[in-house]
Amino acid sequence: MDLSCTDEEEEFRARLREWLAATLPGLPERPDPLDWPARRAYDCGWQRRLYDAGYADTHWDASPTQRLIFLEETELAGAPYVGANFVGLLHAGPTIAAEGTAAQRERWLPPILRGDEVWCQGFSEPDAGSDLASLRTKAVRDGDAYVVTGQKIWTSHAEVADWCELLVRTDPDAPSKHKGITWLAMPMDAPGITVRPLRTLAGSTEFAEVFLDEVRVPVENRVGEENDGWRVTMVTLSFERGTAFVGEVVACRRLLGELARTARKNGTWDDPVLRRRLGRLSAEFQALWRIVQANVSEAQATGGVPGAGGSVFKLHYSHARQELYDAAAAVLGPDALDLGRDWTLDRLSSLSYTIAAGTSQIQRNIVAERILGLPKGR
Amino acid sequence: MDFRLTEDQRALRRGVRELLAGRFDREVLRGFVDAPSLDRGLWRELGDAGFFSLRLPEAEGGVGLGLPEAVLVFEEAGRVLLPGPLVSTHLAAGAVPGAADGSVVVTSVDEGLVPWLDEADVVLGDVTGAVPVRSVDPLTPLHRLPGTGDGAHPYPPPRTSSWGDPRAERLPTTGLAEATLLTAAEQVGSAQATTDMAVSYAHARSQFGQVIGGFQAVKHLCAGMLVRVELARAAVWAAAVTGDPVEVAGAKLLADDAAVGNARDCLQVHGGMGFTWEADVHLHLKRAWVRAELGMTAARAEETVAAGL
Ligand SMILES: Cc1cc2nc3c(=O)[nH]c(=O)nc-3n(C[C@H](O)[C@H](O)[C@H](O)COP(=O)(O)OP(=O)(O)OC[C@H]3O[C@@H](n4cnc5c(N)ncnc54)[C@H](O)[C@@H]3O)c2cc1C
């Protein structure tokens, strides 16, 4: 067990810290969180700065330790969140890096790193949520293209995305529903696509319904083999659950620090019950960060793709983060009802954490079946 | 950074597991439940195997390993419910003659409680007026000091330790944090054991024509147990590497949660069988309760971590 960093890694940390200190104060004001086009521009601008300064490749090419240092330092410094680039940087990109051809990697990865192209995820359908493999959006081969017809739902950032990691059914007669699925990269400006934003409980149009009417997607946009998309999907989901949220653990530690300062100022810190609640949360986020380090070490040793351990992390993290906002409400009192406060909006958003990227119930099934070996059943 | 066990650490863990499986199996455990006493022979054997001298320098006849290795060893002890004042004797090695080789049993005052007072050769701390308690854990005899429990303030402020034994002067000042961490490691071992017990019972027991592990309600209990033990283990291992007192407090908190919570859930998975004296579940739960009161209680641990915010 070794938690130390090499001299080289510490140098990287120092350089990054310096760069953040110099760069963050000069950033433009953050946009209205409900205004997605403005958020896209802001998030991509931040990504471009990272790229120009040589930090974008920490997402895939750097050593895992460097990546963790990057996440730790950017989050502790309060740097902008990946935001609109979440899908591209944290799971579509890594999937293409792991499963795509050289030409595909060349085509799609650099624009993601530069913040030029934004991705969304077209997996869920109205009748295929937790039971994702029952998806029905169909794709029929016509020459050098797939012709796609169907409907996706809950597609985050669809409004502002250039590309969509899309799951389609290419073989409706396959012997099992997990066979016959294909993973495609669909350009969001193709004719036949209609995006209809949905309003979330936080009031934003963070996700959308996407209607697909005979959309032509070139065959060369297929990642993995035809009908082998479920396997590729598992890779995507392992990134989504295994690594996509890890930086946010550090953000939670920062938020807890902020909360403790507020509590000391407004007197709620004198309440031992509340104080101890914050202490417990702090211990949990610290331990979650240690789990991240263990998972990353394991993934590095076994070849890159995170394992089912991601579900262990995601399960605890999603609940702990919701508790963090409830504790924050206890500290803030009536201010917790003010939608003008970041905390309030974040508290509303956090309600999705136990649902998106696989519900807690589904994560428990995964832990029980894949890690503990319990039988699939009722 | 590579937060995984090294090959040597794995080998150590394997070795201890084998030693304990050979010397302290379930039959031996149940024998002590029926006739509680400290097995001096076993204590010597643990001493010979380096259990107590693990962290003494080789020049002083020790094994020369560190806290991370000690944590792995104590996890194994917790897994099989090895009885005795293991933590105090381990910490006294090098300071109290005979502790290192297991010829002397050392206990200490901890949160107003003294485990194994009657069986110990050396007691660290002032035990004046200690009264025996009918211990909830049949494998841990307890005494209580006056002024604790029964109307005393439930969360005593951190004690300044008064090591009563003059031979104990060389005890490291970090002893309290280490005692807390090693106790937490035992909790992790116990939490792992109850997880394993629950999972194997869920595979074996059938109802409604299928094994109960196929029922989602049971599956989800088991998954929750795994998450708790993994979180606690990551915390304990990391605290052993960093030695950070706040991290130690957090680790104890999560380890207590894991040991107590997993024993409860394990009992639930076992149904009526879980409520019997015959099943080992209650032994894990009772020991977990005792350990939760030793080293650092949840309230103090939460306060310690909060103070670090
Ligand atoms: C904010 C947000 C953003 C999202 N972004 C995207 C996106 O960008 N792209 C995308 O493709 N999807 C996205 N999703 C969709 C998300 O992945 C699904 O909502 C999720 O997988 C659950 O599916 P569902 O909503 O259909 O719920 P359902 O599957 O209908 O579940 C309803 C309830 O039943 C439970 N349940 C279902 N099956 C089981 C089972 N086998 N055992 C036990 N309980 C079960 C669930 O846990 C849940 O409590 C997003 C969701 C949210 C909330």
Side-chain angles (χ1 to χ4, degrees), chain A residues 1-6 9 63-65 68-69 253 256-257 259-261 263-264 269 272 275-284 286-298 300-301 309 311-313 315-316 360-361 363-369 371-378, chain B residues 1-6 9 68 71-72 155 195-196 198-199 202-203 208 210-216 218-228 230-242 244 246-247 249-254 257 298-299 301-309:
Chain A
M1 286 185 273
D2 179 8
L3 291 169
S4 62
C5 297
T6 62
E9 286 160 350
S63 78
T65 308
L68 291 185
I69 292 173
R253 280 158 65 200
L256 260 176
L259 207 54
R261 279 193 293 282
R264 285 190 173 101
W269 188 255
R275 197 167 64 226
R276 287 173 46 191
R277 194 167 159 193
L278 297 182
R280 169 171 288 268
L281 276 167
S282 177
E284 291 182 23
Q286 179 70 9
L288 279 165
W289 181 245
R290 298 308 189 188
I291 284 202
V292 164
Q293 290 177 319
N295 284 350
V296 165
S297 299
E298 196 58 41
Q300 183 178 24
S311 290
V312 173
F313 168 82
L315 245 178
H316 196 85
S360 291
Q361 286 68 38
Q363 305 301 335
R364 288 193 189 98
N365 285 349
I366 291 172
V367 169
E369 288 164 14
I371 301 180
L372 297 176
L374 290 170
K376 286 184 189 273
R378 281 179 257 172
Chain B
M1 193 250 347
D2 185 4
F3 193 25
R4 289 178 313 145
L5 298 185
T6 62
Q9 287 168 336
V71 154
L72 294 178
Y155 312 128
T195 306
D196 295 345
V199 170
H203 271 296
F208 300 98
Q210 68 169 61
V211 297
I212 58 168
F215 295 117
Q216 205 172 48
V218 173
K219 240 187 230 183
H220 284 194
L221 276 178
C222 294
M225 292 167 79
L226 182 92
V227 171
R228 263 190 232 123
E230 290 287 332
L231 195 72
R233 182 178 285 124
V236 166
W237 286 10
V241 173
T242 64
D244 178 87
V246 171
E247 200 153 6
K252 176 64 164 47
L253 184 62
L254 299 179
D257 272 3
E302 285 171 344
E303 288 285 10
T304 304
V305 184
L309 274 173

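Throughout, a chain's letter reflects where its sequence line sits, starting with A, and its residues are numbered from 1.
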Tell me, side chain or backbone of A/Ala260 under 4.5 Å from chain B's heavy atoms, or both, or neither? side chain

Side chain, backbone, both or neither of B/Ala232 within contact of chain A (heavy atoms, under 4.5 Å): neither

Please tell me if the side chains of A/Arg253 and B/Leu309 come closer than 4.5 Å, counting only heavy atoms from C-beta onward. no

Spell out, as yes or no, whether a donor-acceptor pair under 3.5 Å connects the side chain of B/Gln9 to the backbone of A/Met1. yes

Honestly, the part of B/Asp257 sitting under 4.5 Å from a heavy atom of chain A is side chain

Counting only non-hydrogen atoms closer than 4.5 Å, does A/Arg277 touch chain B with its backbone (N, CA, C, O), its side chain (CB onward), both, or neither? neither

What are the two closest heavy atoms between A/Leu315 and B/Val227, and how far apart are they? CD1-CG2, 3.8 Å

For B/Leu254 and A/Ala287, the nearest pair of non-hydrogen atoms, with its separation, is CD1-CB, 3.4 Å

Using a cut-off of under 4.5 Å on heavy-atom pairs, state which of A/Val296, A/Asn365, A/Leu278 scores highest against chain B. A/Asn365

Would you mind telling me which of B/Ala235, B/Gly213, B/Gly250 has the largest number of heavy-atom pairs within less than 4.5 Å of chain A? B/Gly213

Report which part of A/Gln286 has an atom under 4.5 Å of a heavy atom belonging to chain B: side chain, backbone, both, or neither. side chain

Can a donor-acceptor pair be found, under 3.5 Å and without considering hydrogens, that links the side chain of B/His220 to the backbone of A/Gln361? yes

Does B/Glu303 pair with A/Arg275 as a salt bridge, N-O distance under 4.0 Å? yes

Contacting region of A/Leu281 [heavy-atom separation from chain B under 4.5 Å]: neither

Here the pair of heavy atoms bringing B/Ala202 nearest to A/Leu374 is CB-CD2, 3.9 Å

Which residue out of B/Met225, B/Glu247, B/Glu230 racks up the most heavy-atom pairs below 4.5 Å with chain A? B/Glu247

Between A/Trp269 and chain B, which part of the residue has a heavy atom less than 4.5 Å away: side chain, backbone, both or neither? side chain

State, yes or no, whether a side-chain contact exists between A/Arg290 and B/Phe3 at a heavy-atom distance under 4.5 Å. yes

When rounded to the nearest 0.5 angstrom, what distance separates CG in B/Asp2 from CG in A/Leu3? 9.5 Å

Look at the side chain of B/Lys219 and the backbone N and O of A/Pro375, then say whether any donor-acceptor pair between them is shorter than 3.5 Å. yes

If I measure from the heavy atoms of chain B, does A/Leu288 come under 4.5 Å with its side chain, its backbone, both, or neither? both

Which atoms of A/Ser282 come close to chain B, meaning under 4.5 Å heavy atom to heavy atom: side chain ones, backbone ones, both, or neither? both

Can you see which heavy atom on A/Leu372 is nearest to which on B/Cys222, and at what distance? CD1-O, 3.5 Å

If the threshold is 4.0 Å, N to carboxylate O, is there a salt bridge linking B/Arg4 and A/Asp2? no

Which of the residues A/Ser297, A/Ser311, A/Gly279 is involved in the greatest number of heavy-atom pairs with chain B at under 4.5 angstrom? A/Ser297

Please examine the side chains of B/Glu302 and A/Pro272, heavy atoms only from C-beta on, and report whether any two atoms are closer than 4.5 Å. no

Specify which of B/Leu221, B/Val211, B/Val218, B/Leu226 makes the most heavy-atom pairs with chain A at under 4.5 Å. B/Leu226

